[in-house]
Student: 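I am attaching a structure below and will ask some questions about it afterwards.
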There are 2 protein chains.
Amino acid sequence: MHDDETSTGESPTGRRPTIYDIAERLELSPSTVSRALHKPGRINATTVEKIRAVADELGYRVNPMARALPTGMSGTFAVVLPDITNPVHFELIRGAEQVARSHGATLVVSESEGSPALERETIETLQQSVDGLLVVASRLDAAQLRKLAAIKPIVAANHSARDLPSVTPDLRGGLTAALDHLHELGHRSVAYLGVTGLAINRARWDILLDLATEGSMSVVEIGIEEPTVDGGSSALRRIRASGVTAVLAYNDLVAHGVLRAARAAGIDVPTAFSVVGFDDIFSAELTVPALTTLRSPLRDIGTKAMALLADPGTNRSPSHVVLPIELVTRESTAPPPPR
Amino acid sequence: MHDDETSTGESPTGRRPTIYDIAERLELSPSTVSRALHKPGRINATTVEKIRAVADELGYRVNPMARALPTGMSGTFAVVLPDITNPVHFELIRGAEQVARSHGATLVVSESEGSPALERETIETLQQSVDGLLVVASRLDAAQLRKLAAIKPIVAANHSARDLPSVTPDLRGGLTAALDHLHELGHRSVAYLGVTGLAINRARWDILLDLATEGSMSVVEIGIEEPTVDGGSSALRRIRASGVTAVLAYNDLVAHGVLRAARAAGIDVPTAFSVVGFDDIFSAELTVPALTTLRSPLRDIGTKAMALLADPGTNRSPSHVVLPIELVTRESTAPPPPR
DNA sequence: CGGCCTCTGGCAACCGTCTGCCATTCGGGG
DNA sequence: CCCCGAATGGCAGACGGTTGCCAGAGGCCG
């Protein structure tokens, strides 16, 4: 059994080396080591060189906890979202993670399970150990978020909050594109499948109401309980009863549900009615028919939001970044049946 | 503008209260406050009561960083995985997150992008601020992991590692069920769509080789680059050329890719050949045909693995938990074409 | 009534790093 | 040759909690 030491040799003990170990070895003071490692220019170049060498040899890593105490900076950011497994959030998290990493920071992910109380509790706890929070699709109202943001910076992602910096998709633009697309195909009445009681949902519905009164498209809302596949399936009867020729779903999961229920009932989409999804999750192109959907720039939302959080932010006033939504036309939309 | 203070009133300043603030208010020493909050029984009950009250009033939260310094316990666990956006990992993360939360701990999620070097770097950095690591589908070899585990506990999830506690699905059982299912349908030759150069992949292939020599099923491997939809699509030509009547995909994404490519080429599945996926991600039942797949107990893997990490672990020897895999039969498998 | 144990609470050191301020050295300009 | 400033390094206190040890107050027992 030979000595399989790696390049960054580590101490035999389980204890990680500290700046004291380095200082002792070089007969320097810990403060010098600290500065050598993090204050470029402050310490003589050759000394820095030696310190670096020993640090490498010992496999030294700064202890983020110990550093966080005096500086108040932990090098950690948190993402708080209602549902981790929602595919919508995948890309957002990944975008955020990559930006965080590029800033040398780590990412904490926490789920609030859609409960406002738990969300608040989570945020308050996390604030102690984090430099900033990314709050996705918050269930908290603007006033509460604003108060929480007094402690540590908060950026709202995928939902707008008046006094907070936010990164949101251009709902109005997206919905306009969807409605235009349907109108061109010949549709004149659309049902919106919304999740009752969600703030984001209200925003969308308001925009749709706006657009409907402006244009020549009639719009009705069909409320569902949960933004899930099953939620979508449950709406089929009401869709058929409403007499609309097209459906705009709260998200792709819901649209999937509609597709599934229709298929089970022997109803052909898009012959009988058209379906437009929302988000363009990866499975949208895999269904039959492939889903026409509004592609939310989720990855970019994560990226921009984290950038807002991690960068000092030159301007003081909360910035509201709005990212474009793109209509992806696939097979689930077609002209309405003749009547 | 009225004073909209919440129940847990917070200090007007942005600074969070400390045990010193509580102590001062009650003319006690900080140590008493510390003990009152975390050492049940140590401090007089009525005193504890008063301290609790003030703590609530001030909205006190313990600072995990400060606590971590003397104790070495941060109340944080990390999950390190190659690809955050892989849907396979999300249920696992969620399971882990829930267990962590139930232990009052937070979860850090970090992506290694499939690079062994980056994975190692990530683990070493994280070890400074974490009580333990959950390493998912590691690209590191057993020896390296063992060494890293000397610093902070590591549990291997979804892949086995000799000297480390691990939680893995029962590959052999699952693959046997899949092969039996295909055999019953009449298939005698199967292609395995594996990702070349992945340790987990080797394990599966070895088992398949075993099973093939035992039974009356011939097996060939078709290598793909990436475990993605596109990776699966790219294999269609080779599948056709190989003459097999059934395909076992590395995961559901790959299976989706095969389905998509077949559909694009006008080839009907399962008439022309059968497809079996792996993992049962949520979209597996949404495709046409709906995917027959081996359901990995991902949620449970996350749960058990985190439990192993968070609980003291009564027994010293590394425990290896093996969870059953279930075959979910849908529409993508059928008898082979007559010949 | 004295000794001892239990119950409570305080003191102070420590965890690892950062940083304001001071001390020393050295070089250059006047 | 003196003065001053730049360069470099050290001292010590601070960050917020934890904990070993000690001390005073009672209560109990013999």
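In what follows, chains are A, B, ... by sequence order, proteins preceding strands, each numbered from 1.
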Student: Is it the case that the side chain of Q127(A) and the backbone of I151(A) share a donor-acceptor pair, with hydrogens and angles ignored and the cut-off at 3.5 Å?
Tutor: no
Student: Identify, between A66(A) and A45(B), the residue whose nearest nucleotide on DNA chain C lies closer to the 5' end.
Tutor: A45(B)
Student: For R139(A) and E113(A), what are the C-alpha separation, side-chain angles and deciding distance, and is it a salt bridge (charged side-chain N to carboxylate O under 4.0 Å, His left out)?
Tutor: CA-CA 10 Å; R139(A) 312 293 221 245; E113(A) 296 169 18; over 6 Å; no
Student: CZ of R67(B) versus C1' of dC14(C): gap in Å, rounded?
Tutor: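 Going from R67(B) (CZ) to dC14(C) (C1'), I get 16 Å.
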Student: Would you kindly give the CG-to-P distance between N44(B) and dT6(C), to the nearest whole Å?
Tutor: 18 Å
Student: Mind checking salt bridge (charged side-chain N to carboxylate O under 4.0 Å, His left out) for R25(B) and listing every partner two or more places apart, or none if nothing turns up?
Tutor: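 Expected list: E57(B).
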Student: Send over the distance from M73(B) CE to dG16(C) P, rounded to a whole Å.
Tutor: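 Checked: the CE to P distance equals 13 Å.
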Student: What is the separation between atom CG on L69(B) and atom P on dC18(C), rounded to the nearest whole Å?
Tutor: 12 Å
Student: Output the distance between atom CG (L92(A)) and atom CD1 (I84(B)), rounded to the nearest 0.5 Å.
Tutor: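 Between atom CG of L92(A) and atom CD1 of I84(B) there are 11.0 Å.
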Student: Starting at atom OH of Y20(B), determine the distance to atom P of dC11(C), rounded to an integer number of angstrom.
Tutor: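 Whole-Å distance recorded here is 11 Å.
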Student: Which is more 5' along DNA chain C, the nucleotide nearest T71(B) or the one nearest P30(B)? Just name the residue.
Tutor: P30(B)
Student: Rounded off to whole Å, could you give me the CD1-to-P distance for the I51(A) and dC18(C) pair?
Tutor: 12 Å
Student: Does the side chain of V54(B) reach to within under 4.5 Å of the side chain of Y60(B), using non-hydrogen atoms?
Tutor: no
Student: For N63(B) and dT17(C), what is the distance between atoms CG and C1' respectively, to the nearest whole Å?
Tutor: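 In whole Å, dT17(C) C1' lies 14 Å from N63(B) CG.
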Student: Okay, side chain of S74(B), backbone of S129(B): is any donor-acceptor separation there less than 3.5 Å?
Tutor: yes
Student: Under 3.5 Å, is there a donor-acceptor pair between the side chain of E97(B) and the main chain of E111(A)?
Tutor: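 Checked: pair present.
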Student: Measure the distance from CG on L28(B) to C1' on dC11(C) and round it to the nearest whole Å.
Tutor: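 The distance from CG of L28(B) to C1' of dC11(C) comes to 14 Å, rounded to the nearest Å.
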Student: Donor-acceptor pair, D56(A) side chain versus A53(A) backbone, under 3.5 Å?
Tutor: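 Pair absent, no side-chain N/O of D56(A) close to backbone of A53(A).
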Student: Reading nucleotides 20-26 of chain C from the 5' end, what letters show protein touch, with B for base, S for backbone sugar-phosphate only, - for no heavy atom under 4.0 Å?
Tutor: BB-----
Student: Quick check on dC18(C): is either OP1 or OP2 less than 4.0 Å from any side-chain nitrogen or oxygen of K39(A)?
Tutor: no
Student: Would you mind classifying the nucleic acid contact of S34(B) as base, sugar-phosphate or nothing, using non-hydrogen atoms under 4.0 angstrom?
Tutor: base
Student: Return whichever of Y60(B) or T46(A) has its heavy-atom-nearest nucleotide of DNA chain D closer to the 5' end.
Tutor: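 The residue mapped nearer the 5' terminus is T46(A).
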Student: Atom CG in L134(B), atom CG in N158(B): separation rounded to 0.5 Å?
Tutor: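 L134(B) atom CG to N158(B) atom CG measures 10.0 Å (nearest 0.5 Å).
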Student: Phosphate oxygens OP1/OP2 of dC18(C): is one of them under 4.0 Å from a side-chain N or O of H38(A)?
Tutor: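 Checking H38(A) against dC18(C): at least one side-chain N or O falls below 4.0 Å of OP1 or OP2.
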Student: With a strict under 4.0 Å distance from non-hydrogen atoms of chain A, what nucleotide opens and what nucleotide closes the contacted stretch of DNA chain D, reading 5' to 3'?
Tutor: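 The contacted stretch runs from dT8(D) to dG16(D).
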